[in-house]
Every structure is written in structure tokens, then in C-alpha cells.
Amino acid sequence: MLAFLARRLPSVAFMLLATSIIAFLLPRLAGGDPAQTIAGADATVDQVEAIRQQLGLDQPLPAQYLDWLFGLLRGDLGTSLITNRPVGQLILARLGSTLELALTASVLMIAFGIGLGILAGSVRKGAGRFGLDSAISVLLATPPHVTGLILILVFGITFNMLPISGEVSILRDPVTGFSLLLMPALALALPQAAMIARLIQARMMQIRQEEFVDFARAKGVPRSQIVLSHILRNSMGTAVVATGIRIGELLAGAVVIEAIFARNGLGLMAVDAVTSRDYQVVQIVVLGAVVIAVLTHLFSEILLAALDPRIRLE
Amino acid sequence: MIKKLYQMSYLGGNGMGDAAVSGSPKISRRHVLGGTAALAGLATFGMPVAFAQGGGGTLRLAQGADAQPKNILAGRAGNNSWRHQVFDALTVLDGETGEPVPVLATDWESSEDGLTFKIRIREGVTFHSGRPLTADDVVFTLEQVKVPENASQMAPLVRAYTSITASAPNEVTITSETPVAPRIFDVLQLAVILDKDTFAGLADGSQVVGTGPFKWVEWIPGASLRLERNEAYWSETPVALDGVEISIITDSTAMANAMRGRVDLVLAMTPRDAIMFRGNPNVELIEAPGAQIFPLGLNVTAAPLDSKELRQAIGFAIDRQRIIDQVFNGVGTPSCLWWRSNEPGTTEEMVNHYHYDPEKARELIARAGAEGAEINISVIGLAPVPAIYEIVQNNLREVGLNPVGTVLETAAFDQGQTAGDLGQAFQQIHGLQGFSAATLVDALPALRDTNPSKFAPERYRQLKDALQSAQGEAYAPALAELGEFMLDEAFSHILLQTPPLHAKTPQLQGVVWDNVGFLHLDAASLNG
Amino acid sequence: MRSSTPLIEVQNLRTAFAFGSRTVPALHDVSFEASPGRVLGIVGESGSGKSLTARAIMRMLPENASVEAGEARFDGRNLLELDENAMRAIRGAEIAMVFQDPQTALNPVKTVGWQIEEALIVHGAAKAGARSRAIELLSMVGIPEPERRIDEFPHQFSGGMRQRVVIAIAIANSARLIIADEPTTALDVTIQAQVLRLLVDLKQRLGIAVILITHDMGVVAEICDDIVVMYAGRVVERGTVEAVFADPQHPYTRDLLHSMPRIDSERRAELPTIPGATPDLSRLPPGCPFHPRCSLAEDVCRTSVPPLAALPGRPGRLTACHVAQRLGALPPRTAAIEAPVADRQFHDQAPILVVEDLVVEFSRGGLFGRTPPVRAVDHVSLDLRPGETLGLVGESGCGKTSLSRALVGLNPISAGKVEVDGMDVTGFDAAQSAKVREQVQYVFQDPYASLNPRLTIRQILSEALEQRGVARGAREAEAARLLDMVGLDPSYLERYPKAFSGGQRQRIGIARALAVEPRLLICDEPVSALDVSIQAQVINILAELRDRLGLGILFIAHDLSVVRHLSDRVAVMYLGRIVETGPAAEVYARPRHPYTAVLLSSTPRPVPDADAMSRKIVLGGDMPSPRNPPSGCRFRTRCPIGPLYHPDRQICVSDEPALSGAGAQKAACHFPDEAAGLVPSSSP
Amino acid sequence: MTMSQTPVPARRPVLNEGVARYLRALAQPQGLVGCGLLLLLIAAALLAPVVFPGGVDQQSRDSFLPPSPAHPFGTDELGRDIFVRCIYALQVSVSLVIVSVPIAAVAGTLMGLSGAVSRLLGEGFQRLFDIILGFPSLVLGICIVIIIGPGWLSLVVTIVIFSLPQFGRLARGALLSEEGREYVLAARVLGVSKGKIMLRHILPNALDPIFVQVSLSMIAGIFIEAALSIVGLGIQPPTPSLGTLLNVGIRYVYVQPMYTAGPIIMLLLLALAFNLIADALNAQALKTRGE
């Protein structure tokens, strides 16, 4: 495992370095700057210029980049240009909200995804199969934000069962918090769940063709046990990898969902940071997202190795 | 359905109608220049002592913009809710009359020529840190207004002062080459008195120390702000609320939704969200002072807009009432002026100078020979301006013009605005309503000398100067002359003025907004 | 002959596939029986229905297949009428099955112990005793250190060992019938010998009945007692192995036996072939399905299907042939047995290919960190002259494909020298590559993978002709000529590869290689993916082209019989090295390396011989990994004359033997004279 | 492709069979329904301005009329017909993906196949794809919008960037699996140039999954527009796009639910059409591989 990590390290490091450059340049390429945001709409030219100097934005770009990079290496995430707060602190403050959403969505995604996948992989003919296939296709084609809007229309407006937007921490008010969390989490989870279900279904279909499944039948193993010990067990790798990747996507999708359901999480913070040109925050959010994507990827590969003896022992 | 309240009644009781408002005591003009013993600041608003007893509790408040302690000296939407809770100003402008009311100042006097101005500062006031307030703090604060980094809209005014000195431990003297009053009251309203020792803490909000009725306790940027009652507040009238919890909810609908049981007060709701609360007995909607104006700026140097007829035609082409009805759900008033209509010298004719008259617009366009002219409009991408643009575009098409809109992202738009460079035509959004017209003509980007309309004839500056040095009775005619000149030149059409729309529960009493729309909670209570 | 009553009797079994609304019959009236203590071989080429028959008995048909009629009486019960639960109780307990590919027959994520225990537990064994029984079974099938290996995963076992595990599972519940579906097809000959020996051993020890499904007549001859020959979903001949091999009574059986290249017979100029290809089940010809390919076909054969019937005077012999039934026996073969040809000598010509001390190494790894390279080919030298055929023999993983691909620039050359037509092309720069291309071409193993499915035959050949510089306008005629040369109709030019059978595709592959008019053809296992009846056609064409065009052929194969038929000289490879080389006749007659001897011994011969198995040298163990080859002689870890059996022969551990010998035959062995004695004398 | 100068009647160029295969795929029931639906939607979008003269932007004082025969989806806050705007908005969505997805498909495929020419280049592009996939999509989208300015062009760029990795990875997958195929080796042994091998052998076999992906990416693109417009950074008013309609519609969801439901219906219809086409192409691809 250490060898595996060591092998992956250079490419991961390269990716992160490249990402850091993109993350650094991207917001700076956009017109307007944080000095303007701080100075406000009514500001005069000299006010904006004074603030720009105060923020060190008059320094050459490479100097700014290296400054940031070395700070990162020392564990300093930088300071928000707009609020003057350490970026780490800002993220921590918003993390709870996004975590609540992402965790709930992950649980829903895994439950729905694996459940649907197993069902779709087990039911092989008739109306059930058609129904499951169609359901997965529809969910798959509908991205989180549209799912979210549909949920709002159905449960928020038509049946008026759930509040449509806003946020209360579950820790503070579990009932309200959860009722506010349910729709965004579902919206986020369903398309990803469908993706997982599709992969598990395909994998199960594929495993079903494998000779060892036939051999198990020839051993006299009952069908249910074949599905459980042989087909499902061998499909788990796919499920795990799929879930790992999907959790990354889920976090990415959280941004729009947070906007639609007005949740004050990291996604919204990222959007605010971009619009207010809070470079330091944008950089960390982007880099962090890539790090999370890389980590979930690595983690799912490690988990896959743990599940599959063929990889485990290499 | 929407109650027009500039301040909350303290008579108590439920179901306050307009009668209750009109019958209630106002923030009154008891303080005259050089007046004698002024009553104690906001506490003089006649708050019955008995009222405070049952009114404890923590006020939960929702707003869309985040606090910006760093920019406390500048007008910022996110600061309106807490500026006067944590800090006190020397004077504030009365929400009804626009006259200054003493707070940390006890009285003030102006020299005959108006070039010297003395303010006496209340004694026995301490900062939250326990340190007594001195004239030095006032001088420090005013000096900070001048610093460009603090981005105060009042910076040009203060920079024009020749000296700001602490002439006595509790007296500050200001001298200038132009009359200091009455515009000084705009400065004093915005320049809340800062603690010079902890000023650096404002940058990141780690130390926000004022003399106000509440203490700044915890700020989570982008999420929440918590204030706690200042037990050592100087006022004789006790502060009723235990504290204030401000939630920042950037999505307007979500913010409005918070009104459903999660907060007591929602600031600056959009009219379209307010529709939700139609007929809801638990929600009271309030139109407060501190309106926003929506200018349509025209670059007088860019053909074909160099034609005054065409510029005027555009003014007549726009159906302001439809904008109010359809974009603002009826909240707002058509106005062609850049300042409050109760400014002295303002006439009904000026307010409605440009009314919806497509015929006249067509005629003017024909006269300008600009039929079918293409007009590129930069639109700030801040709701609801793009929606206004949709109607503007429709109206201009109706009169035979060819408007082409580009919605610019806020930062990009602001950059253009600061640089005075927004192209042919542009739709802006401005606040600061409630300050005097004399201040606004130099503070509003649309009006200041380097405006993006490139409108800078000598006469414009002369009229501004005349207004700014006008004392007493001379003010009204000076403003009327300037206003009429600006309307005729039509370089910046104000489409309408909309008051901020706040919502509160009936339980919340005693909330006051001053003339520029800043919130005051020292007299508020939750005792429904 | 029959020692006991049959354990299973299959009567008139019919199955059909459903394709949408269409039903295609697959098995027609298949009947046979298997008895305890005997091995029944069901033999047939791909598509003959032999696997389907096994699955029908196990009631494990594919989802779109169904039993239409017939019965399969096992122990008095008709298996085809049992409900799923009753059948499940029989599967694995009464009837067990062994699958073809041991790589895929075991669940990769469960330990082998778990998988054996599962078989025991589902049939009622207590969990407690299951593990010790599993260890016992593992040791019974000859897996060393079963206590340790029981907790290993399938991928930690070699192919042969895995097949042993599969067999252990099959016998776990003392099944009385084992159906083995091509159990050794995926294995190398030395491993095949091990597994076959195990099966025979178990049959004898446990008295079980075995149904062995195979396409290999040699395997049938060596271990089966009875044989059922299937063709196009029908049984065409049945009988005891001795009788059928001695005197086949169906033209198909007879032609099949004749068209096999034989390791033990003299080399012949041309193999007898069966024309045409095996028919598609959904497009069977009317009448006898074999009649389009049958040299004896009569009118009746074209219209009516011959029943499987006993021949008068031959008890136990059944054949489905109108001619045999009418005449009482098949008429003798008309085609003359060709005279053996002698090995040819080519010393007088300049070699077209010279390889000296070639080394091919593979290293894996990205930009950073590399794994140590694996030496697939280790100092190999060989040469080849025009018109000559060099057979390169070895088991999978010995490096023969790595070597051959290096010769055409597909693999990197790490060291050594390659000369083509006198020119050093080791560097494979532009000029050298061009030289190689015009002189050397390659025929690939898999006829299904070597033709781009999206190109027509014309496009495939044109591409090659373009390389030769044939003008656009001339390419069509030239392509037609090439097709004609490999015995295909030029009208096929516009077709896509999918329209062709395996043998035809392989001929197209040869035509493509010949398009650039090379002087040397490298054929990498060109017939190993083909059915026996098709193999002969391709081999004949290669031989004919070689002789006609004076081509040199480097013929790579694992099948010694095929190599024997075609080659003038042979080279035997083991673990990246050539261990023996020399004229084919000498090497086959008197091997001087024990590995050659073992290969010769392991190769099944289509001659029934009850004792064949016992006389074979069966190697223990598996081929070591080329990643980590043994010191000294690389074969010493398995060598029957090495330190394994003669502990005093430490020279094999310490010194690597060089390729040496007095004459043309050279071997890399310290004890070259002992090898010949290892080969069992073939039966008369 | 090789085209003969002297026409031989029996000769069929490479792509003809390919084109025929895709046409056959689309002639399947799924494909027919998908294409039909798509064509219907496109026709409706193109005809909208003709059928409803002045229609998409015809404002009136009648805000929020409920759905009626005259206004099937009711009217919006400016008194415009929501149905007409939804239909018209299809133009934006479809034109966006029809421009951007093919660009992404071609560029991504080339980037994916570049590994055949230079290993380093191929690896580099793969890492780039990893970064794009790891990027928080909306943030990248917003950055692009801010850099280029909101509107059609920045949406095209965004969709192209987000679609690239899909195609790049498919192409690379095809390259890796095809590179070792014996017919590719055979061509190499024959001395066929890298370019021709790519064109004749590798590319055609990579095309099946790529065509399926084109269809799927079109759905994704349509939804990217919607996502960016929902946060106010997409197509700018008054031009209606499905996303901008949703952006405003969701604000009036209590007053006029059709303002949200209408665009969603259109989005789902478009997605359905492309999905059916993708399914049909995929079925054909599987069938070819099975042959």
C-alpha cells in the first residue's frame, strides 16, 4: 500500500501544482479586483488604488503566487482579502453546512444507488426490469439542480410538505434542520445514485456471465446465495469506486444546490468569493476541491484494493 | 397590506394601522443649532421606562449582505443593521424630518459665516472597553474618514475641512473654507465614533469597539453576527433586548422564508418575496427610509446621445409605473430626482418631470433625428436591475429606438463606474438616499464630477457650489435651480425610488430607522 | 466390455435457442450413456453442441435455450423433469462439473478454502468439519502444503493448480458423475498431462463416471473409454475409443483423424483436409449436416437426415451415416496416403534472417520509479534461410511471441543483433524498418482480432499493397490475385471480416502478409485458434506457399504435432532461452534436452492406449516466473533428470548449460544423453 | 479517407458503412422517437418567433395570468407568455450544445489520441482532464463567465471545457485498447504510417462510444447552461434561455409555478430526446462489438 501511494505521489503532486497555478491565475484573469469590492460601488479611483496597494495587489504576479505557495507549504491558507479573516477559519465556519448536506446526500446516494443497483441487477425481465431501467435512466439524465427544482415544485409547492429553502443546523434544531436538508440532499443524491445503480447493474450483469457463477450453480449453491456471495461480492469493487468518485461529484454539485436551496455552505462561499474577487478564498476552494477529488479517488482505490485480493497483494 | 412606517410606534398594542403611526410621537426636531440642554440622544425619543421590562430576549434578524466592519465608515448594506447598535454617531438624521438629532453630541454651534463649527461631546460615555470617550476619538474618527482605504463616501467633504481639532476635552472644532453645516450632519451620521485604540481590529472584525447599546461578540463571516447588550450604556433609558443575532442569508427568497418563525426581523426583502406574506397576520411589512434609486445614465459625449432631445425622449419613453408594478410589486414611487422629495426646494413638477409619454418621446426622437438609433446599455448584473432593463428595453423599442443591453457582472460594472467609463448608456443602482442633496451631488457616482455620463459643464459645478455654500433659506432655491438644470440636461434619468422593505413580527416593537435607513434597536423590545 | 449399468442415460435430447420469436434447434436427438469407472469422451468442434449437451444435463442452459424433448435418466430419475430445488441438490453432490477455464471458474475474491467449504456446506456438511475436509480434498488433488494454501486466493495459484482446486470442489461431495468441459484446453501440454492424470487417477480410485468434453482427439485417445462424436448438434458416431479410432464409421470422424498432424508419424507433404467449414447451427444444410463437406455424399445424404443406428455386426458401434449403414461399413478412403517427405537441407543458401544473442526486456513504470525489467527473451540466436521452416516451440510465457515480435520491431530490442537479408536492422530506424517490412511479414494468432472489422477485405489488402507501392489502379487486380493465392474466391473482396470463418480469416491474414512479397513469414500460432478440420487447410496453404514462393517461415506454436508437420528445423524455448535446436526429425526422434522430451511425451497422440497416461513423464510444478528465473539451468526446478531427482547434480544449480552438440542438433543440458530415454516408445 | 480517382462502382469508402450504421441505429424505435422529438423541439424553437410575432418579448400589464388556452403556461412578471418563452429558449439551449459539443468532441478526441504521437503529450492531457474533473464545476464556470463576460460565448467555452475530459478519456481508452489489437500490429508490421493507422484503424473503432458521448454531453451541456443561468451567470435577459427562465421563475414559484415547471418540462424533453438517441447509438455499438 505504501508502495502504491509512493507510486501515485509524483502524479498527484504534479496535478496539485498545476491546479494551484490555474487556481491562482483564473480569478485574476477576470476583470475587477478585490480592491474594487472593498471600496464599493461608490468608490473613487484613488480609494480603489489605495486599497489595492494595501492588499499588495500591486506586487508582480509571480511574487504573489510564490508568496501564496510558500504560505501553503507552511500550512498557511492565506487571509481573505475581503474579510481579513484566515481562509481556514472562513472555511471551517461554512464547513458544517456543506458537510451536513454532503453527508446526508452521501448516505442517501449510497442507499439509493446500491439498493437500486442491486434491484436492477437482480430483476432480469418483465415489467419490473423495464420500470427500473426507465427510473434509472430518468434519474440519470436529470442533474441535481433540475431534480431540486422538481422536488421544490412537488414537495414544496404542490403538497407543501417541506420548506423549500433556507438552512438551520441539524445540531441546533434537528427537526427543522432535517426538513430543510431533505430536499437538497435528495436532489444532490438522486442523479449520482442513479449513476451508481447503473454501474452496479452493469457490473452484476457482467459478473453473472462469469464462469465462476456458473460453477457455483454447478456446485449446487442456491440462487440467493449466488447473488450474495458471488455476484454482489464481486460487484462491490465497482460500487466502492463508483461511490468514491460520486462523492467527489456530489461535492461539486453541492454548489448549485446550495444556491437553489439557499444553504450557506462552502459552495455559496466559493461563488461569493469569485464574485467579490476574494482571490485567496477562491484559490483555496479550488485547490481544496481538487485535493478532495484526488483523495476520494485514492481512497476508493485503496478500498478497492482492500476488497479485491488480486490487487491487495500486489 | 404594507404599512408605511418610518419608525415604530412605542405605544405598543397589536395591529397598528396607519393611524397608530401618524398618531405616534416622531423623532422630533428638538435640537436646534446651538441649542441649549439637549435631551439625551436617542433616549430622548420618549421611550417609556416601563416598556423595557418585559421586552428582553434576543432579537433574531436576517439580512442578505454580510457585515463589513472594515468599511464601517462607508455606507454598506451589510452594516446598516448593526452600525448604530455597536457604535454611536454624534448626530443622526431624523427619519421623518431629516433634521439632525444629537446622540454623542450634546450640542453644536456654527460661526456666523458658517466656516467654523464646534461640537460638544457628551460626557460620561465609555467605550465597550471601558475607556471614556474623548474629543480625541472624534478627531481620530474624522481623520479616518479622509483615508482613502476606508472608502467613505464622505471623504471629499471631510478632506475639504481645513482643520479638525480637539479644542477642549469634550469639544471638537472644525474649520473650513466653505460653510460646514448643514452637510456636516451627513458626515456625522455616517462617521460613527470609533475607538482609536482598537481601530486596527476593525479590519478583520476581531475587535469592534464602540459606545453603542450593544457589544460586538462574534462574527462568522458570511454566516452570522452576534451582539450582546452593553450593560454600561450611557443612556438613562435601559436597553431592553438582551442581544441581537444577525443571520446572513444571501438568497433573498430564503431570507424572506426565514420570516416563517425563524427570525423576528428581515431587512431589505425584495418585493417579489414579500408577496409570500400577503395577508399573513404574523408578518408586518415596513417601508423604511433610505431608498434606493435606479439611474439610467446616458453618456452625453457619445453619439447619438449627445443630443439633448434624444436624452429627454428617453426620459419620456419609460413607463416608470409599470416598472414599479411589475418589478417591484407596487412598492416604490416614480421619481425623477436623485434625492428625497422632501428636500427643501423640491417640487411636484420636478419629481414627475419625466412621465410616461411615448408620443412626446417619439416626437423628440424625430426632432433629434435618431429614429432607430442603436443604444448600447451596460446593465449592472444585480437584481432587480436586469429586470428593470427588460422593461426599459421594451419601452425604448416602442418609441423606435434600438436598445442593446449587456449585463455586466457587478465587479466589472463597479470598476467601470469608478473609472467613470461605462459606455453609451448604463443602468446603475445607488443608495445613500436620506443624505442631503448637497452631499449627494458629489457622493453619487452618477452625479459627481467624474461621472460616467461625462457630464461636466462648468455650470453644473457652479450650481453645485452654490448649493453647497447655501446657508439656511438660500438652500431651497439653489437646489431647485440645480435640479431643474439636471433634469433638463437629462444625463441621468432616475427611474424610480424604492424604499427598503423590512418585515417583522408583531411582537417586535420599538424599532427605529433613521433618515438614511440605518437601524436603531436601543428602544426595541420583543414583548408581543 | 460394459462393466456396470450406465449411471446416466441421455435419450433423444433436443434443445433449441429462442432468438426473439424465432426458434433455432440446437441439439437433435442426442443420446449416450456413461457408466461408473469409465470416461466418456464427447468430442466435436466448436459449435457442435457438446457443451450445450453438458449444460442440458446440469439443467444450466443459457437463458434463451430450452430443452424441447428427450430425457436424461440419472440413477433412475429423469433430470430434465426435476424441479429446481431437487436439481440443486443433485448439482455438486451427485453430478459435478469442471469448467474449461480455471482462470475464471473460481471466484476471485474468496479464498479457495471458502469455495471448497461452500460446496460442502450447501450440501449439508457441518461448518465445523468443512475446513479439514477441504484440506483433505486439496491434498487429494495434489496441492502441496494444503494447510497453508487453503487460505490463499485463486490468483495466487497457477492455472494447473486452479484446475486442481476446481476438481477438488467437484469431488468434494463424492459426486458419482463428473462432467468436465474442456478441462485442459486452456492449459499447457505439460500441465494438461498433470490434470488428465489426476482425472484418470480419481476415476480409478473413486469409481466415478466421467464425461469429458473436448475437441482434442489425442486427449480422447489417451484417457477415454467411450466416445461420442458430435457434429452440428447431432451425435454422428458412438462407440468404444479403441473401436472408433481403429475403424471410424462416420466420414467426419475418419476425416478428422486423418487431418490431424501427428507427432508420431512421418512427415507428409500435405495434410488431408476436410473442405469447407463447420456449419452455423441456424443455417444447417438439409439432410445430413456433414454432406457438403463429405467426399462420400450421395443423393440421399442431401435430403434425409441419417439416424444414429447400430451397424450390423459391430456391437456398440453406432453411426449416423447413410453410406455406412447402406454398405454395412464405410468404404475405404480413396485418397492415397502420401509418401513421407524427408527433411530438407538449406545450408547452401544465404540466411534471410540471422538473430544473435537477442535480448528483449520489458519494464513497467511511468515517469518516475521503474520496476526492474523482466527479461522475456534471454540471449537467443537463430537463423533462417529462404524456403526453410524453423519451428519455434514452447509453452505459454516462454518468450516465443516476445521474440518474434521483436524481429519485426513491435517489441523493443534490449541487446543483440538482428540481420535481415544481410543488413543489420537492430536499430529499426527508418531505413532498417523499411528493409524489415519488405522482407519480413507476420501472421497473427487470432484470426478474429487480426482483421479490422470495419474494413472490407479489399481495404485490408489495399492497405498492404499500398505499402508495397502498388499503384492505386492495380491494387484491385492484385488483391484478387492474393485471395486466389490463399484459396479464396476474389468475389469476397467487398465483404467484411465478419462474413468469414476463422480459417478463411486466417487465410486473409496470410494474403495480407504476402501482399508486400516478403521473403520471410513469421507465423505466431497461426492455427491454434482454429478447429482441427480447418487447421489442416491453413497448414497446407502455408506449406504450399512456402514451397512455391521460396518463403522462409518462422513457425511459432505450442503444439508439437503441428510444428513437426511443417518444420525443417525446430528450436525449443523455455523461460526465454532456446534449450534445444536442430533438424526436426532428429530432435523429435532423439531429444537431447529433458524439456523437449517432456513436451514430446506430454503431447497427446490420437492412438488409444490404455497405459498411455501411466507411461508419460508428468512434470511436477509450474514454469517459474521470468521475473525471477532459477539459477544455473532454468529447467532444473522441474527437470526429471535434474537435481530434483538426482540431488548430486549440483552442477545444474550452479552452472548454466550452454547450447552445444556435435552435429546440427544442439541442446543446453549438462546431461544431454539421458533425455532421449525419457520419451516413451510410441505404440505401434 | 482513401478515395479512388478512378471510380470503381463496387467500391465503398470507409465512412459510408459507418454512416449507414449510425443511420441504422437511429432507425431503431428508440432512435426514431428521440430524433423525432428533437426535431420537433428544434422546429418549434425555430418557428416560435414566426408563429408568435413579437412574441417572446411581448410585454403587457397582465402579470402572472394563470395558464389558459391563450397562455398555456400562463404569463410571467412582465406579462409575457411563458410557453412562448420556453419554446423560444430551446433555441439557446440547442444552439449552445450543437456548437460546443462537437468542438469538444473533436478537440477531446484529438487530445485523447495524442498519446499515440507523443506519450508525454498524451499523459499531459490526461492529467489536465483529471484537473478539470476535479475542479468544482460551477466555480470554473463562474470564472470563465467572469473572464469572458456572461453570455453565449462563455457558455460555449464552459461546455467545451467540461465536455473535453469525457471525450479525451474515451478516445484514450479506445487508443489503449486498439493499440494492442492485432490488426493494428499488422498495419505496423506492414509499415503503415502512424497517421493512417490512427485514421483507419483506431479512430473508427473509437467513434462508437464517442457518438454516444456526444449525445450524452449534449444533455450535460444543456444542463450546464441551466446551472450557470440559475445562479445568474448564463444567458442574460431579456433573451430567454431555459436557465434564465428558471433563475427568475424559481423566485415566483409560489405565484406562478408554471414559470418553473415550464422550463423544466422543456429541459426534460430535450434530455429525453438526446437520451433516446444515445441509447439507440449505444445499442448499435454493443451490437457491433458483439458481432
Side-chain angles (χ1 to χ4, degrees), chain C residues 366-367 401 404-405 407-411 430 433-438 440-456 458-469 471-476 491 493-494 496-499 505 508-509 512-513 515-516 518 521-522 524, chain D residues 1-22 115 119-124 126-127 174 177-208 285 287-291:
Chain C
L367 295 169
T401 295
S404 63
R405 291 195 174 181
L407 298 181
V408 288
L410 291 177
N411 281 344
S433 295
K435 178 79 179 172
V436 173
R437 260 182 262 132
E438 64 191 37
V440 186
Q441 277 301 315
Y442 205 97
V443 176
F444 290 86
Q445 170 176 7
D446 186 351
Y448 294 87
S450 60
L451 302 180
N452 188 341
R454 284 167 198 268
L455 299 184
T456 62
R458 175 218 298 277
Q459 289 166 329
I460 288 169
L461 294 178
S462 294
E463 181 174 59
L465 291 168
E466 186 187 343
Q467 292 312 122
R468 194 178 92 199
R472 232 169 246 273
R475 282 182 209 158
E476 169 142 30
S491 69
L493 272 180
E494 294 308 326
Y496 286 89
K498 67 182 180 213
R505 290 189 203 203
I508 295 165
R512 173 178 56 191
V516 296
L521 216 48
I522 296 177
D524 186 4
Chain D
M1 297 294 100
T2 53
M3 270 300 234
S4 172
Q5 249 87 43
T6 51
V8 181
R11 192 184 178 107
R12 286 179 298 188
V14 183
L15 270 188
N16 267 8
E17 170 63 4
V19 171
R21 281 180 52 245
Y22 295 118
R119 196 156 289 278
L120 200 67
L121 202 64
E123 277 296 314
Q126 292 307 310
R127 294 288 85 75
S177 78
E178 294 294 315
E179 237 177 3
R181 292 282 168 105
E182 290 191 347
Y183 54 78
V184 173
L185 296 181
R188 279 176 61 191
V189 173
L190 284 168
V192 180
S193 69
K194 274 183 178 175
K196 278 184 181 159
I197 289 182
M198 184 72 71
L199 218 58
R200 271 188 210 145
H201 298 287
I202 294 178
L203 193 62
N205 284 297
L207 280 182
D208 275 350
K287 220 164 88 188
T288 313
R289 216 167 300 161
E291 270 168 6

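Letters A, B, ... mirror the listed sequences (proteins, then strands); counts begin at 1. What you see is a predicted model; the values in this text were computed from it and never measured.
Arg188(D) has its side chain within reach of Leu410(C): a pair of non-hydrogen atoms, C-beta onward, lies under 4.5 Å apart. Looking only at side-chain heavy atoms (C-beta outward), Pro497(C) and Tyr183(D) stay at 4.5 Å or farther from each other.
In terms of the side-chain contact (heavy atoms from CB on, under 4.5 Å) criterion, residue partners of Ala187(D) (sequence neighbours excluded) are, by chain and number, Glu463(C), Val192(D), Ile197(D), His201(D). Glu182(D) meets the side-chain contact (heavy atoms from CB on, under 4.5 Å) test with Arg405(C), Phe444(C), Gln445(C), Asp446(C), Ala449(C), Ser450(C); sequence neighbours excluded.
When all heavy atoms are compared, the tightest approach of Arg437(C) to Val189(D) is CG-O, 2.8 Å.
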For Glu466(C) and Lys196(D), run side-chain contact (heavy atoms from CB on, under 4.5 Å): C-alpha distance rounded to whole Å, both residues' side-chain angles, the deciding distance at 0.1 Å, then the answer.
CA-CA 12 Å; Glu466(C) 186 187 343; Lys196(D) 278 184 181 159; 2.5 Å; yes
Please evaluate residues Leu190(D) and Arg468(C) with respect to the criterion side-chain contact (heavy atoms from CB on, under 4.5 Å), reporting the C-alpha separation (whole Å), side-chain torsions for both, the decisive distance (0.1 Å), and the verdict.
CA-CA 9 Å; Leu190(D) 284 168; Arg468(C) 194 178 92 199; over 6 Å; no
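Ranked by heavy-atom pairs under 4.5 Å with chain D, the list Val440(C), Leu451(C), Leu493(C), Val516(C) is led by Leu451(C).
One distance of note links CD of Gln459(C) with CZ of Arg200(D); it measures 8.5 Å at 0.5 Å rounding.
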